[in-house]
Protein chains: 2
Amino acid sequence: MKTIEELLESKNIRVTAMRLLIYKFLVEKDVAVTLSDIENAFEKSDRTTLYRTIKTFEEKGIVHQIDDGTGITKYALCEKGCNCEIENDLHLHFHCNNCNETVCLTAHKIPQIKVPDGFVAENVNLVVKGICDKCSGH
Amino acid sequence: MKTIEELLESKNIRVTAMRLLIYKFLVEKDVAVTLSDIENAFEKSDRTTLYRTIKTFEEKGIVHQIDDGTGITKYALCEKGCNCEIENDLHLHFHCNNCNETVCLTAHKIPQIKVPDGFVAENVNLVVKGICDKCSGH
DNA sequence: TCATTAATGCACTTCCATTGCATTTGTTTT
DNA sequence: AAAACAAATGCAATGGAAGTGCATTAATGA
């Protein structure tokens, strides 16, 4: 079990207090978060720092960006099965219309999508909307 | 073959000069367009009018909104097969990373997506990114 | 320790979506 | 046809989020 410090270092990310806090925050939340979510979690934080920290995490492949259709970019930690930095990010995301939270359904891979002749698919973004397990009550 | 006037009236949309122009513009473009695209097409237009016209079209079910991940909302005419006002909008969208255009692949229905127990799927948004037929050269 | 490089914080800009309100246009009623 | 009403339009302004420039601070390496 790696410490967070070791994890960051293994990805060539300098360890700073802010980065540790942000990483821990992402671990604790099991849902995708917006920049504002992080901002509100730390009163003393500066939006720019958060923004750039998340971008760094993204570039280094420990966070991926999610466009769930709400118009606000969300972010979530990449999990073991997530290879979004290497190939396409092939898991799907679920957005709850009730609690407004978005989760990664890492275990659910996106089926092969056929596109017409002449089209070359490089990447797929799939968001399912509906009611999540917590809100549906079972 | 209905005239545009008849079409609008059949959907309970008042016919105005601006609305006819916007509708014709959408027909001519075979790709999804942004508000700014429409704005630039008509020098004398006001952004608000376009915005509200598109919203009206959307409510009445002749236009649907597309979130292709570029961060800018796009719109396209609903076609015969498009039942987005009644049920889910089940066709997929293709965004070209080269020419930056987004098209509706109306003929390509989204396969059934399984979600974990407890989750209730109501709607699916699927955007494939890559190179479109025009840009791939065949 | 000093020099270098990266991270942070503040201020600011830009872009798009959206709303309020006054005006104009179109429709309906008498 | 005129008056009354409702909807469409245009202008101005707001709000939210993304992104950038620059000076300052902190961390690393020689």
Side-chain angles (χ1 to χ4, degrees), chain A residues 4-26 32-60 62-76 95 100 102, chain B residues 4-26 32-60 62-76 95 100 102:
Chain A
I4 298 180
E5 283 89 343
E6 285 167 346
L7 174 73
L8 293 182
E9 277 165 3
S10 76
K11 295 279 186 177
N12 267 326
I13 303 172
R14 273 201 197 176
V15 178
T16 68
M18 202 64 225
R19 286 176 177 181
L20 286 173
L21 282 174
I22 294 174
Y23 191 91
K24 279 178 195 159
F25 178 75
L26 292 173
V33 298
T34 66
L35 262 197
S36 298
D37 288 338
I38 312 179
E39 200 179 6
N40 295 335
F42 308 105
E43 276 313 315
K44 290 192 186 168
S45 62
D46 178 74
R47 193 182 176 80
T48 312
T49 304
L50 301 177
Y51 175 74
R52 288 199 258 238
T53 300
I54 283 288
K55 288 289 167 195
T56 302
F57 284 1
E58 214 185 331
E59 281 162 19
K60 303 295 184 176
I62 63 173
V63 154
H64 65 268
Q65 193 171 328
I66 300 163
D67 173 15
D68 65 3
T70 55
I72 305 168
T73 305
K74 295 188 179 172
Y75 304 91
H95 177 77
N100 211 37
T102 298
Chain B
I4 299 180
E5 283 88 343
E6 284 167 348
L7 174 73
L8 293 183
E9 276 165 4
S10 76
K11 295 280 185 176
N12 265 325
I13 303 172
R14 273 201 199 175
V15 177
T16 68
M18 202 66 224
R19 288 176 176 180
L20 287 173
L21 283 173
I22 295 175
Y23 191 90
K24 279 177 195 161
F25 178 75
L26 292 173
V33 299
T34 66
L35 259 197
S36 297
D37 288 337
I38 312 179
E39 201 179 5
N40 295 334
F42 307 106
E43 277 313 316
K44 291 191 186 167
S45 62
D46 177 75
R47 192 182 177 80
T48 313
T49 305
L50 301 178
Y51 175 74
R52 287 198 258 237
T53 300
I54 283 288
K55 287 289 167 195
T56 302
F57 283 3
E58 214 185 329
E59 281 162 19
K60 303 295 186 178
I62 64 173
V63 154
H64 65 269
Q65 193 171 328
I66 300 163
D67 173 14
D68 64 4
T70 56
I72 305 167
T73 306
K74 295 187 178 173
Y75 304 90
H95 177 77
N100 212 35
T102 299

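Note that these values count all heavy atoms, side chains included, but never hydrogens, waters or copies made by symmetry. Predicted model only: the values in this text are computed from it and were never measured. Chain identifiers are assigned alphabetically (A, B, ...) following the order of the sequence lines, protein sequences preceding nucleic acid strands; residue numbering begins at 1 within each chain.
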**Asked** C:dT27, D:dT28, C:dT8: which one has an atom nearest the side-chain heavy atoms of A:Arg19?
**Response** C:dT8
**Request:** Using a heavy-atom cut-off of under 4.0 Å over every strand shown, decide if A:Thr56 touches base, sugar-phosphate, or nothing.
**Result:** nothing
**Prompt:** So what does A:Lys55 hit on the nucleic acid, given a heavy-atom distance under 4.0 Å: a base, only sugar-phosphate, or nothing?
**Reply:** sugar-phosphate
**Request:** May I ask you to say what A:Arg52 touches in the nucleic acid, namely base, sugar-phosphate or nothing, with a heavy-atom cut-off under 4.0 Å?
**Result:** base
**Request:** Give B:Thr34 one of three labels, base, sugar-phosphate or nothing, depending on what nucleic acid heavy atoms sit under 4.0 Å from its own.
**Result:** nothing
**B:Phe25-B:Phe42 aromatic ring centre distance below 6.0 Å** = yes
**Complete:** Tested for side-chain contact (heavy atoms from CB on, under 4.5 Å) against B:Ile54, the lone hit among B:Thr73, B:Thr49, B:Ile38 is B:Ile38
**Complete:** When rounded to whole Å, the CD to P distance for the pair A:Glu59 and C:dA6 reads 13 Å
**Request:** Report yes if a donor N or O on one partner sits less than 3.5 Å from an acceptor N or O on the other, where the partners are the side chain of A:Arg47 and the base of D:dG19; otherwise report no.
**Result:** no
**Whole-Å gap separating P (D:dC11) and CG (B:Asp46)** = 6 Å
**Prompt:** Under the 3.5 angstrom rule, does the side chain of A:Thr34 hit a backbone N or O of A:Asp37 as a donor-acceptor pair?
**Reply:** yes
**Asked** From D:dT9, D:dA7, C:dA17, pick the nucleotide closest to the side chain of B:Thr49?
**Response** D:dT9
**Complete:** Residue pair A:Arg14/B:Arg14 against DNA chain C: nearer the 5' end by closest nucleotide is A:Arg14
**Request:** Check whether any side-chain N or O of B:Arg19 sits under 3.5 Å from a backbone N or O of B:Arg14 as a donor-acceptor pair, and report yes or no.
**Result:** yes
**Item:** Residue whose closest nucleotide on DNA chain C lies nearer the 5' end, B:Val15 versus B:Leu35
**Value:** B:Leu35
**Request:** Nearest whole angstrom, please: distance from the P of C:dG9 to the CD1 of A:Ile38.
**Result:** 14 Å
**Request:** Grab the CD-P distance between A:Glu39 and D:dG16 for me, whole Å please.
**Result:** 12 Å
**Request:** Write down the atom of B:Lys74, the atom of B:Asn100, and the distance for their closest heavy-atom approach.
**Result:** NZ-O, 3.2 Å
**Complete:** Of C:dA7, D:dT9, D:dA7, the nucleotide closest to the side chain of B:Thr53 is D:dT9
**Request:** Could you state the atom-to-atom distance from NZ of A:Lys74 to C1' of D:dA18 in whole Å?
**Result:** 17 Å
**Message:** If you go through the side-chain atoms of B:Thr48, does one of them form a donor-acceptor pair with the base of D:dC11 closer than 3.5 Å?
**Reply:** yes
**Complete:** A:Ile13 CD1 to D:dA27 P, in whole Å, measures 17 Å
**Item:** 5'-most by nearest nucleotide on DNA chain D - A:Tyr51 or B:Thr16
**Value:** B:Thr16
**Prompt:** What integer distance in Å separates B:Ile22:CD1 from D:dG10:P?
**Reply:** 9 Å
**Prompt:** Taking CG from A:Leu20 and P from C:dT8, how many angstroms apart are they, rounded to a whole number?
**Reply:** 10 Å
